[in-house]
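Quick note: numbers below take in every heavy atom, side chains included, and nothing from hydrogens, waters or symmetry partners.
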Amino acid sequence: MRIVMAAVDGVFDSGLSTIMDVLGAANSLSARDGGAPPFSVTVVGGGPQVRTGNGLSLATVPFGELPHGTDLLLMPAVGFQAPDRVVAAVREPANAWLLDLAAASAASGTPLAAACSGAFFLAESGTLERKRATTSWWLGPAFRARYPGVVLEDSRTLIQDGPVTTAGAAFAHIDLALWVVQRHSPALADLVARYLLIGDRPSQAAFALPTQLAQADPLMAAFERWARAHLADPPPLAEAARTLGVSQRTLQRTAQTVLGRSPLDFVQDIRLDEATFLLRTTTLSAEAIAGRVGYRNVSTLRELVRRRRGSSLETLRHGGADAPAQSPPLSS
């Protein structure tokens, strides 16, 4: 498989190198068994070199000299950046070549793939229009605002919609690279995953911090504060809308536009976020915590944790691998 990896100034160092390492491991394991290396990777740029997000110089093939016959165009993320910086990067005139390359590749039938903020470049090129896609969870509000024609599912780690595949947060570059290997050989992908200790992370929803997501919109920020103040005995959403000075329809529409979920789903996120905080920082029983976040039965909270985290209350309490970072306690 002939893979072209597009790199711009500020490319995410570990994202690019992770993809190279996973594909390199697949080539090495194939060679060990007497097979030919299944992947060749050409790193293309706007000129003969780019500078990574951490300031390293990387030799690239200028896009004008790109050989024909590409089987996959792959876009890693730009370095860890605030949403406005990511948008500025996709609008940067020096990066227009990448948008043209993505559009031309899609028109010729070449499959496309991107991870994290790399999905912004595909969306900017128009190749994600009316397609399902994902990106890093904390970039979701900015992505929805700029690309309303893309069906963003930012709770997913990896989404393939026809010839375009996108991966979520920064280290989902691993999942994207493994997906490339799996397209060639599921058995080889399994072997690479075992050698590199790559786990299965089907959702990034466990790591999305509700407070940070809500800051993308003043109404959602106010609703998030309201919801935290009423978790123990949440009144109807109609009361929240009246308190915030908007209609219930406006509250519903804004939540869907900014967060990609309903107000009730967002309240569930906040409940789970608060429950996780209490589990990890107090000795309250699971039953008491369930009551504090609005559930009469602890079984309801257990089911929410199982469904949203793929985990258990006990695992979250002891800071297991599935537990997200701590978030602030209830607002006073």
Audit row: Ser14, Ser17, side-chain hydrogen bond (donor to acceptor under 3.5 Å, both in side chains) steps and yes/no = CA-CA 5 Å; Ser14 62; Ser17 60; 5.5 Å; no
Is a donor on one side and an acceptor on the other found under 3.5 Å between the side chain of Thr315 and the backbone of Ser311?
-> no
What are the two closest non-hydrogen atoms of [X] and [Y], and how far apart are they?
X: Leu237; Y: Leu251; answer: O-CD2, 4.2 Å
X: Leu152; Y: Thr134; answer: CD1-CA, 3.8 Å
X: Ile19; Y: Ala177; answer: CA-CB, 3.9 Å
X: Val181; Y: Phe39; answer: CA-CZ, 3.6 Å

Using a 4.5 Å cut-off on heavy atoms from C-beta on, say whether the side chain of [Y] contacts that of [X].
X: Asp269; Y: Arg261; value: yes
X: Met20; Y: Met5; value: yes
X: Gln81; Y: Leu139; value: no
X: His173; Y: Pro76; value: yes
X: Val8; Y: Glu92; value: no
X: Phe121; Y: Val78; value: yes
X: Thr165; Y: Ile159; value: no
X: Leu72; Y: Arg183; value: yes

Residues [X] and [Y] bridged, charged N to O under 4.0 Å:
X: Asp9; Y: Arg51; value: no
X: Glu274; Y: Arg271; value: no
X: Asp175; Y: Arg156; value: no
X: Arg317; Y: Glu314; value: no
X: Glu124; Y: Arg146; value: yes

For the [atom1] atom of [X] and the [atom2] atom of [Y], what is their distance to the nearest 0.5 Å?
X: Leu191; Y: Leu196; atom1: CG; atom2: CG; answer: 9.5 Å
X: Leu259; Y: Glu224; atom1: CG; atom2: CD; answer: 10.0 Å
X: Thr127; Y: Met75; atom1: OG1; atom2: CE; answer: 11.5 Å
X: Thr276; Y: Arg308; atom1: OG1; atom2: CZ; answer: 11.5 Å
X: Gln215; Y: Met220; atom1: CD; atom2: CE; answer: 11.5 Å
X: Leu178; Y: Ile198; atom1: CG; atom2: CD1; answer: 5.0 Å

Does Phe12 have its ring centroid less than 6.0 Å away from the ring centroid of Phe80?
-> no
Are Ser40 and Ile3 close enough, and set up right, to give a side chain to side chain contact (heavy atoms under 4.5 Å, CB included), and what steps lead you there?
-> CA-CA 6 Å; Ser40 66; Ile3 299 170; over 6 Å; no
Within 6.0 Å of CZ in Arg32, more than 12 heavy atoms from elsewhere =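 Buried by this count: over 12 neighbours within 6.0 Å.
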More than 12 heavy atoms of other residues, nucleotides or ligands under 6.0 Å from CZ of Arg307: is that the case?
-> yes
If you group Ile, Leu, Val, Met, Phe, Trp and Tyr by side-chain heavy-atom gaps below 4.5 Å, do Leu23 and Val61 land in one group?
-> no
Tell me the side chain to side chain donor-acceptor pair (under 3.5 Å) pairs involving residues 98-109, sequence neighbours left out?
->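 Counting only pairs at least two positions apart or across chains, the side chain to side chain donor-acceptor pair (under 3.5 Å) contacts touching residues 98-109 are Ser108-Thr110.
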Looking at Thr257, Asp154, Thr135, which hits side chain to side chain donor-acceptor pair (under 3.5 Å) with Arg144?
-> Asp154
Which of these, Leu304, Val298, Thr300, sits in a side-chain contact (heavy atoms from CB on, under 4.5 Å) with Arg302?
-> Val298
